[in-house]
Amino acid sequence: MMHNPLPRSFYKQDLHKLARSLLGCLFVRVFEDGSRLSARIVEVEAYAQKDDPSSHSFNGKTPRNEVMFGAPGHLYVYFTYGMHFCCNVVAGKIGTGDALLIRALEPVEGIENMLVHRYGAITFDQKKISNLTNGPAKLCQAYKIDRSENGIDLCGNKIWIETGDELKQNKISCSTRIGINQGKELPWRYFIKENNWVSKPGKGIKYVD
DNA sequence: CGTGAGATTTCCT
DNA sequence: GGAAATCTCACGT
């Protein structure tokens, strides 16, 4: 099976550069039975330990957020609203507390299994298919990511990120982040322009390139 | 299509 | 005790 994870050094770059670099990359998961899921990353949000009160890491290390303060290139999974999981890519140097929330994916491989994970069965309902991975908790459900994936090393062989070929021609936009009450004005949500899998329009949209 | 309420549990104050 | 980096469904247009 193909397994070309981006190296640890990739995750050490500047938070906002990394956010843009991740767009178009493939988010891959392989299960114990060999079945494989992959999807292009089309939307991410940056959360910084410093000067960003909306970041889980802003007030320092706690049991919940300790993965954020660990080595870059690991998966930080958190539980919220009493029922949902969301996942982040830990960024920057060890101990920094910065991360990128993966907010939306464009399915590539294993769509049937994603449907089963999310809806309990394969469906041809177009509405359900278009809601498969266009939100941070939706994509975690499609990928069967929960508490037990917290802290997984993205340089390992269970869940990883690979360079996507089609990356070059994509235009990138940014906007304010979704669903937060502090740091509302920061344009730290990055997404692929005009991609159908992006979760929401967002506010203050600007072109990055 | 847009809006709004409810679900449900963990974490931190 | 209150808010939470969300989602779904019901209801009105």
Side-chain angles (χ1 to χ4, degrees), chain A residues 11 15-16 18-20 22-23 27 39 41-70 72 74-92 96-107 114-121 123 125-152 154 173-192 196-205:
Chain A
Y11 298 99
L15 180 65
H16 298 275
L18 178 59
R20 299 191 291 271
L22 281 172
L23 294 176
F27 187 61
I41 298 173
V42 300
E43 177 183 350
V44 298
E45 277 178 358
Y47 287 90
Q49 196 279 324
K50 280 183 140 182
D51 306 317
D52 181 11
S54 67
S55 173
H56 289 173
S57 58
F58 182 68
N59 289 316
K61 204 164 161 181
T62 66
R64 176 219 221 181
N65 67 20
E66 69 170 334
V67 171
M68 281 184 93
F69 288 92
H74 286 71
L75 202 66
Y76 163 52
V77 181
Y78 69 90
F79 181 70
T80 192
Y81 292 105
M83 57 177 77
H84 297 303
F85 293 95
C86 299
C87 69
N88 295 251
V89 174
V90 176
T96 306
D98 292 351
L100 291 154
L101 172 67
I102 302 180
R103 283 197 56 91
L105 300 172
E106 175 182 332
M114 292 186 206
L115 289 167
V116 170
H117 296 155
R118 224 167 113 50
Y119 304 115
T123 173
D125 181 336
Q126 202 51 51
K127 199 170 159 187
K128 285 186 173 170
I129 292 170
S130 63
N131 277 299
L132 191 55
T133 53
N134 62 340
K138 297 176 188 177
L139 69 90
C140 278
Q141 197 181 7
Y143 268 65
K144 241 176 178 249
I145 288 171
D146 63 28
R147 209 176 308 282
S148 56
E149 280 70 39
N150 188 34
I152 276 188
L154 296 171
S173 296
C174 69
S175 78
T176 59
R177 294 171 293 179
I178 307 286
I180 53 169
N181 289 302
Q182 292 169 295
K184 281 177 163 171
E185 72 293 345
L186 298 171
W188 285 6
R189 170 174 174 259
Y190 300 89
F191 56 97
I192 294 181
N196 290 330
W197 294 88
V198 169
S199 65
K200 295 185 180 188
K203 291 183 181 163
I205 297 176

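Residue numbers begin at 1 in each chain, while the letters A, B, ... track the order of the sequences.
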Mind listing the closest non-hydrogen atom pair of [X] and [Y] along with its distance?
X: Asp52(A); Y: Trp188(A); result: OD2-CZ3, 3.5 Å
X: Gly60(A); Y: Gln49(A); result: N-NE2, 4.3 Å
X: Leu22(A); Y: Ile41(A); result: O-CB, 3.5 Å
X: Val198(A); Y: Glu43(A); result: CG1-OE1, 3.4 Å

*Would you check if the side chain of Thr176(A) reaches a backbone N or O of Lys203(A) as a donor-acceptor pair within less than 3.5 Å?*
yes

*Answer yes or no: is there a donor N or O on one side and an acceptor on the other, between the side chain of Asp98(A) and the main chain of Ala91(A), under 3.5 Å?*
no

*Using a cut-off of 4.0 Å between protein heavy atoms and nucleotide atoms, how would you tag nucleotides 7-13 of chain C 5' to 3' with B, S and -?*
SS-----

*Watson-Crick or G-U stems involving DNA chain B, each at least 3 pairs long, distances under 3.5 Å, ordered by first number*: B:1-7 with C:6-12, B:9-12 with C:1-4

Separation of atom [atom1] in [X] from atom [atom2] in [N], rounded to whole Å:
X: Phe58(A); N: dA5(C); atom1: CZ; atom2: C1'; answer: 15 Å
X: Gln182(A); N: dA5(C); atom1: CD; atom2: P; answer: 9 Å
X: Ile180(A); N: dA3(C); atom1: CD1; atom2: C1'; answer: 15 Å

*Decide yes or no for Arg189(A) and Ser199(A): does some side-chain heavy atom of the first lie under 4.5 Å from some side-chain heavy atom of the second?*
yes

_Students often mix this up, so state it plainly: with edges at 30° and 60°, are the rings of Phe27(A) and Tyr143(A) parallel, tilted or perpendicular?_
tilted

_Ring-plane angle category for Phe85(A) and Phe79(A), please: parallel below 30°, perpendicular beyond 60°, tilted otherwise._
tilted

*Which comes earlier along DNA chain B counting from the 5' end, the contact point of Asn65(A) or that of Thr80(A), where each point is its nearest nucleotide?*
Thr80(A)

_Quick test of the criterion, 5.5 Å between centres and less than 30° between planes. Is Tyr78(A) stacked on dA5(C) or not?_
no

*Distance below 4.0 Å between Asn181(A) side-chain N/O and dA4(C) OP1 or OP2*: yes

*Give one of base, sugar-phosphate or nothing for Leu101(A), where a contact means two heavy atoms less than 4.0 Å apart.*
base

*Would you grab the first and last nucleotide of DNA chain B (5' to 3') that comes under 4.0 Å of any non-hydrogen atom in chain A?*
dA7(B) to dC12(B)

*asked:* Taking dT3(B) as the reference, what is the distance to dA5(C) when you measure between their P atoms (whole Å, please)?
replied: 23 Å

*Tell me yes or no: between the side chains of Lys127(A) and Asn131(A), is some donor less than 3.5 Å from an acceptor?*
no

*Would one find more than 12 heavy atoms of other residues, nucleotides or ligands at under 6.0 Å from atom CG of Asp125(A)?*
yes

